[in-house]
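Predicted model, so just to flag it, every value in this text is computed and none were measured. Chain identifiers are assigned alphabetically (A, B, ...) following the order of the sequence lines, protein sequences preceding nucleic acid strands; residue numbering begins at 1 within each chain.
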Amino acid sequence: MVLTRSQPTQARTRRRPTEGRRGLLARMPSWAPVLISIAVFLAAWQLLVTFGGISQLVLPSPLSVAEQVVIVTQQLFVGGFLAGQLWITVQEILLGFVLAVVVGVIVGIVVGLTSFGRRGIMPLFVLLDATPKIAFAPVFIAWFGFGIASKFLMAAFMSIFPIIVSTAQGVAAVEPDELKLFQSMKASRWDIFWKLRVHRALPYLFTGLKIAVVACLTGAVAAEFIGGGIGFGEQVRVAAARIALDRVFALIFFLSLLGLALFMSVAWLEKRLTFWNVRS
Amino acid sequence: MVLTRSQPTQARTRRRPTEGRRGLLARMPSWAPVLISIAVFLAAWQLLVTFGGISQLVLPSPLSVAEQVVIVTQQLFVGGFLAGQLWITVQEILLGFVLAVVVGVIVGIVVGLTSFGRRGIMPLFVLLDATPKIAFAPVFIAWFGFGIASKFLMAAFMSIFPIIVSTAQGVAAVEPDELKLFQSMKASRWDIFWKLRVHRALPYLFTGLKIAVVACLTGAVAAEFIGGGIGFGEQVRVAAARIALDRVFALIFFLSLLGLALFMSVAWLEKRLTFWNVRS
Amino acid sequence: AEEAEQQDGAEGSAAAGGLTELSVAAVSTSCLQFFPLYVAQEQGLFEENGLDVQVERMNGSAAVLQAMLAGQTDLGTPGPVPTILTQAQGEDIRYIANLWPGGAFALVTPEESGVADASELTGKTIGVATADGSEVSFAHTIMAAEGLEESDYEILTVGEGGQAVAAFQRGDIDAYAASIDGVAIIEHAGIPLSNITGDATGYLFGNGLAAPAELIESDPESLEAFGNAYRQGLEMAIDDRQLVTDACAAVQPQEVEDPTYVEAHLDALIPSLERTDGEPWGSMSQEHWEMILQDAVDMGEVEEGEVEVDNLYTNDLVDGFNS
Amino acid sequence: MTTASTVVNDAAYSVTDVRHTYGTGTHALQDVSIELPRGSVTSLIGPSGCGKSTLLNILSGLLRPSEGHVEIFGRELDGPPVEVSHMFQKATLLPWRTVLENVLLPLELRDGKKAARKQKSKARELLKMVGIADFEAGYPHQLSGGMAQRAAICRMLVTEPQILLLDEPFGALDELTRERMDTELLRIVRDTGATAVLVTHSIPESVFLSDVVYAMSARPGRITRAIEVDLPHPRGEHTLADPRYLELINTVRQALDEGYRRGAHT
Amino acid sequence: MTTASTVVNDAAYSVTDVRHTYGTGTHALQDVSIELPRGSVTSLIGPSGCGKSTLLNILSGLLRPSEGHVEIFGRELDGPPVEVSHMFQKATLLPWRTVLENVLLPLELRDGKKAARKQKSKARELLKMVGIADFEAGYPHQLSGGMAQRAAICRMLVTEPQILLLDEPFGALDELTRERMDTELLRIVRDTGATAVLVTHSIPESVFLSDVVYAMSARPGRITRAIEVDLPHPRGEHTLADPRYLELINTVRQALDEGYRRGAHT
Ligand SMILES: Nc1ncnc2c1ncn2[C@@H]1O[C@H](COP(=O)(O)OP(=O)(O)OP(=O)(O)O)[C@@H](O)[C@H]1O
Ligand SMILES: Nc1ncnc2c1ncn2[C@@H]1O[C@H](COP(=O)(O)OP(=O)(O)OP(=O)(O)O)[C@@H](O)[C@H]1O
Ligand SMILES: Cc1ncc(C[n+]2csc(CCO)c2C)c(N)n1
Ligand SMILES: [Mg+2]
Ligand SMILES: [Mg+2]
């Protein structure tokens with residue numbers, strides 16, 4: 001139906017008037033669909049395990065995973081061993097991310113603002129970014145040892161390329177009209193950088209940061225996986241070695257929450273800092 | 001200098017007249033800067049190893065890596081064992097990528113075109129995408145065995161989320177003007193999809209594909225790393241286990257070339273299929 | 001037996017040429033570590049025993065046990081402790097043969113450190129190759145025999161090969177507990193090591209052949225044939241080490257590029273694979289299994305009484321292995 | 001002008017008591033009743049945001065009015081009717097199609113790809129008529145704004161519509177190009193006997209093109225004046241010098257200024 | 001009009017034999033020589049692509065001509081001079097700054113942040129003058145096109161420039177809003193005694209605002225006619241009814257049409 005009487009709810013979907021069959025769904029609060037699909041997913045999983053004759057050691061049931069989630073949560077709250085391991089991983093991620101952002105943004109600016117950087121260095125980064133960086137994990141361990149250093153450096157290594165590339169794109173992607181405006185106002189290169197390029201680069205940068213923050217988590221976990229010794233990712237590996245698959249899933253669940261929290265923080269910051277970037 | 005006499009070379013950098021100091025660099029052929037920076041990088045590395053007193057067990061010299069690159073190249077050309085392993089990894093990546101593209105695009109379309117998908121399912125994918133997917137590698141091995149299956153499925157799993165997200169964004173991001181045009185011409189939903197949405201979705205999709213193709217390589221290698229048994233990534237691990245770091249670096253070099261080739265293929269396809277997408 | 005075979009069609013169905021198909025998963029991707037398997041394969045010993053064997057390589061006991069439970073493979077070579085853990089979770093996978101009667105692990109220190117006895121490791125750090133528990137309990141057993149508590153030393157997972165070398169060079173570890181072939185790799189890289197294992201761990205045998213109980217029930221003949229071929233592979237390789245290089249060239253050529261590397265491996269491995277106590281190849285002792293299970297209980301890995309020793313293994317097939 | 005609404009009358013459109021309020025609460029149109037004779041050219045002019053596009057969208061069947069009703073050729077309007085072609089301020093050519101493929105799009109959507117391919121010669125004729133025949137194989141990004149707008153005209157005409165709805169079709173062009181396009185458009189409309197409704201911001205353009213100019217007040221839009229344009233046909237360059245032309249321009253300006261002042265426009 | 005170029009004369013600008021060819025080979029300007037007296041308002045009008053913006057960019061010091069030279073207040077032009085403010089077709093407000101911060105930008109760039117902050121009251125006055133004082137804390141995306149353009153005017157005026165270069169400043173506005181802005185602008189220019197150069201596509205606008213209208217030919221742009229506008233000051237709504245106004249519009253149109261026909265414009 002093309003013709004629809006306009007109703008209050010229609011404003012939201014203004015862009016697609018032909019698709020405006022507004023039923024139950026439209027009247028649900030916004031969290032309801034998420035809960036519904038989670039519930040359906042969990043129910044299907046439980047049925048598969050119950051009636052599929054699959055060993056718990058191969059695919060644990062959601063119920064036993066939930067039990068482990070409860071147990072892990074309790075342990076985390078008590079603040080014992082597991083909380084310490086989580087804290088180690090959090091440190092690795094945060095240190096790695098901060099390092100990647102600081103170095104990546106600086107390198108990205110240099111690369112993006114100089115002709116040599118764009119033509120001579122950028123292709124190298126594309127090459128490096130196309131390597132499966134996880135293959136470097138043993139090298140990092142050998143260089144930087146078994147402590148936190150090799151892990152956060154690996155996390156930084158995994159996450160720095162999207163930051164460099166997006167920063168370089170960002171600082172190079174100034175609006176010609178705005179550049180002309182600044183030039184006509186006799187702005188210095190310094191002012192053009194700080195009062196124009198930086199702002200225009202932010203939306204690009206945040207695109208890179210959102211990819212990077214997830215890559216950073218992956219990097220820390222991968223380094224622990226391969227390098228062993230410490231951290232929450234290592235606990236996943238220990239649980240896997242003990243064939244405690246329900247525990248594995250429960251621990252992964254916490255890692256996902258951590259990833260989501262980091263992602264959301266970056267997204268929140270993006271919204272605050274690039275509030276002006278409304279699609280025109 | 002703001003005022004510059006316009007010269008033929010200026011056309012290229014029209015957007016930044018203030019940065020137009022055109023010297024040696026501008027007159028070099030475009031591959032020269034890349035070679036220069038590679039040469040500088042390798043020289044610094046060799047000097048570090050030669051005079052830094054670093055054990056070859058920790059950081060091999062570029063020369064010994066180059067030697068190994070030659071050896072590996074010879075072995076690959078002879079078409080023996082190593083070529084077979086490379087072919088296994090290539091298969092894993094291609095199968096994984098094709099699977100991720102097929103499933104990811106279909107899921108992305110469903111998610112992007114339905115209100116329930118956007119509101120109920122998309123957040124789940126964001127959550128999943130924020131997990132360190134590498135933690136699932138042992139689980140994939142348990143489910144799908146040691147053959148190629150568990151590896152290409154892992155590769156697909158690592159690369160599917162950017163495809164889903166970008167496809168969903170793409171099919172939802174139709175230009176309102178164009179949608180109105182189609183509606184005024186009484187176009188069917190089918191026509192709106194195939195003759196409008198698909199085209200507008202392509203640039204988004206390719207952004208996702210370029211991330212995905214690198215993630216796919218990482219996924220295959222990580223699965224081999226952790227799951228063992230077969231493939232080029234496994235050869236990296238074997239070399240690392242026998243403390244042949246020069247070989248490790250040489251093998252990683254070939255994996256990078258593979259990654260670059262895949263990335264370039266996708267970029268080439270993008271240029272062909274979205275030739276019309278010039279920034280206006 | 002024919003009826004049972006029809007029931008369990010998945011395992012060991014008769015293939016063309018009258019050979020019975022059987023798949024086995026090794027817990028390591030190293031060819032040298034499991035050389036009897038590959039020699040048997042390369043020399044056609046499995047065919048001679050009426051089998052068509054498919055060999056897979058994985059990383060770790062857990063993955064192999066899961067693959068067996070998921071029906072991905074018929075046989076595996078897990079360690080005893082992971083097998084105990086599997087039984088504790090209600091799955092019936094049993095040892096049918098002991099592949100490493102001489103023990104799988106060694107505790108070593110760099111020669112230059114001058115440490116010659118485990119008792120000198122008080123306050124030091126012991127590196128282990130994997131966190132899968134075997135090396136850790138191995139180290140604990142040695143230290144406990146010296147009267148040291150777990151709090152008297154540190155355990156650090158460092159991985160294998162280059163990572164262990166780096167750990168020594170950086171001074172992150174003072175001793176290293178790893179599989180004997182892992183130790184051989186480090187020595188071969190030019191770091192002389194002293195073996196300070198001692199004899200407290202004499203009862204700790206290494207990985208073995210394991211199979212689901214149903215398969216042991218339904219097709220013992222094929223399993224006997226498999227063990228027989230494996231034993232023959234071991235014996236042939238001991239007589240002619242070149243067979244190992246030949247077999248591994250097809251599977252893991254990187255490992256046999258350097259003949260001295262192969263020699264170092266075989267020198268280290270063969271003594272622990274050979275039966276020196278006069279018992280038939282593959283057999284296990286009730287007493288050793290009880291001690292290993294008790295260790296697992298003491299470490300808190302399983303509850304007392306959760307696993308019965310009698311269910312963990314069977315010596316029923318040993319005669320077949322040695323026929 | 002009252003006729004029984006059940007009887008088919010001579011009007012292309014008859015709009016009765018139409019009001020429109022958007023879902024957001026914006027009250028866009030108020031009590032609009034107009035009758036558009038077959039073959040007439042009508043202009044809508046008024047301040048920005050007064051509801052001109054809203055009214056055009058209602059006429060095109062893209063939007064159903066909150067109140068009132070619309071008849072087209074005597075029947076109740078219900079969704080985009082086949083007789084109508086709608087042209088928007090922006091050319092909105094699909095950038096992945098050549099110019100010719102863009103022109104053929106409405107035929108392709110109506111009759112399928114095969115049927116559209118058979119009509120290539122007709123599309124080419126139209127392109128020739130507007131002077132961009134050489135560009136049929138080019139892509140939109142290779143065209144200037146004026147050329148793109150001409151391609152959009154061809155696309156609009158290729159289905160031989162009986163009714164043309166034009167929403168500021170030449171707003172993006174410079175004044176001289178625009179005047180030429182106006183003249184061309186007028187000729188086409190007269191030649192084909194089509195009915196046209198034009199939304200514009202340009203007073204001279206509205207006078208030059210129309211039989212009637214409707215001036216609208218600021219939001220909520222209502223029709224404040226209907227100015228009959230009695231300039232003789234055919235119109236052309238000579239019209240611009242006609243004193244009556246300038247007089248009518250002033251009349252429209254005044255009508256507009258009143259509505260403008262009454263509105264809340266900033 | 002020949003004066004020794006070393007002597008300081010009364011002209012704000014004197015342009016001698018300027019030609020410009022872009023790096024791409026586009027020959028944009030040909031033999032342009034004009035003199036702009038202090039305090040005058042000059043319009044440049046001509047077909048799209050004829051080089052109007054190129055000429056304005058040369059006057060603003062953003063572009064150095066391939067040949068010929070330009071003097072400003074008797075001295076050789078060399079980079080953007082302090083006396084000049086340049087305004088472009090698009091308002092180009094920085095979206096991350098409030099309206100007030102946007103207006104203060106030129107002061108901030110010239111004198112630093114601190115000095116700029118002290119001039120807030122002056123910026124506020126300007127905003128009040130153009131009627132958007134209430135929006136000083138708002139962001140550009142909250143403004144309509146006309147409001148944004150007014151903010152850009154304030155930004156242009158805040159440095160009290162002696163010369164204003166305006167490149168189609170109101171091209172994006174609707175006709176009535178545009179007329180109001182024109183009137184406002186004219187008042188400001190006259191009040192401050194500034195010299196202004198205006199590029200426009202609208203013939204009536206050029207006549208209404210200027211002392212002299214220069215008509216340009218299609219590319220390569222050259223000045224084909226200079227039309228002195230002898231309409232009395234102050235101009236306003238009454239000017240629109242002045243028969244001399246309409247006469248001058250026709251004169252400019254004819255001048256332009258010649259140049260248009262001679263050019264290669266499609
Ligand atoms: N889809 C919509 N939802 C809500 N409000 C709308 C919608 N479309 C238009 N409006 C509002 O309705 C009013 C009339 O809009 P309309 O586009 O019809 O004006 P217009 O006369 O065409 O203006 P312009 O000359 O700027 O094109 C405006 O206030 C506008 O903001
Ligand atoms: N930076 C540039 N490099 C190369 N060519 C240019 C450049 N800027 C403008 N041109 C070309 O020079 C010619 C004159 O351009 P200019 O922008 O001065 O025209 P204009 O009269 O301002 O046109 P419009 O009315 O469309 O704004 C055009 O053909 C244009 O394509
Ligand atoms: C990946 C990997 N997993 C487990 C072991 C343990 N392991 C398997 S066989 C063997 C030899 C004696 O049993 C040992 C120690 C290993 N080495 N590598
Ligand atoms: Mg409108
Ligand atoms: Mg211009």
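Shown here for Val58(A) and Gln66(C), the closest heavy-atom pair between the two residues is CG2-O, 3.8 Å. Residues Ile243(A) and Ala62(C) come closest through the heavy atom pair CG1-CB, 3.8 Å. Nearest heavy atoms, Gly145(A) versus Arg170(C): CA-NE, 3.2 Å.
With a 4.5 Å cut-off on non-hydrogen atoms, Gln89(C) touches chain A through its side chain but not through its backbone. Contacts between Phe144(A) and chain C at a heavy-atom distance below 4.5 Å involve the backbone alone (N, CA, C, O). Proximity to chain C (any heavy atom under 4.5 Å) is restricted, for Leu245(A), to the side chain, taken from C-beta onward. Both the backbone and the side chain of Leu69(C) come within contact range of chain A, with heavy atoms under 4.5 Å apart.
Partners of Ile106(A) by side-chain contact (heavy atoms from CB on, under 4.5 Å), not counting sequence neighbours, listed by chain and number: Val102(A).
When the options Thr125(C), Leu156(C), Thr157(C) are evaluated for a side-chain contact (heavy atoms from CB on, under 4.5 Å) with Phe146(A), the one that passes is Leu156(C).
For Glu154(C), the CD atom sits in a loose shell: 12 or fewer heavy atoms of surrounding residues, nucleotides or ligands are nearer than 6.0 Å. Applying the 6.0 Å contact sphere to CD of Gln169(C) captures more than 12 heavy atoms from other residues, nucleotides or ligands. In Phe253(A), the CZ atom is not crowded: 12 or fewer heavy atoms of neighbouring residues, nucleotides or ligands sit closer than 6.0 Å.
Rounded to the nearest 0.5 angstrom, Glu91(C) CD and Leu57(A) CG are separated by 5.0 Å.
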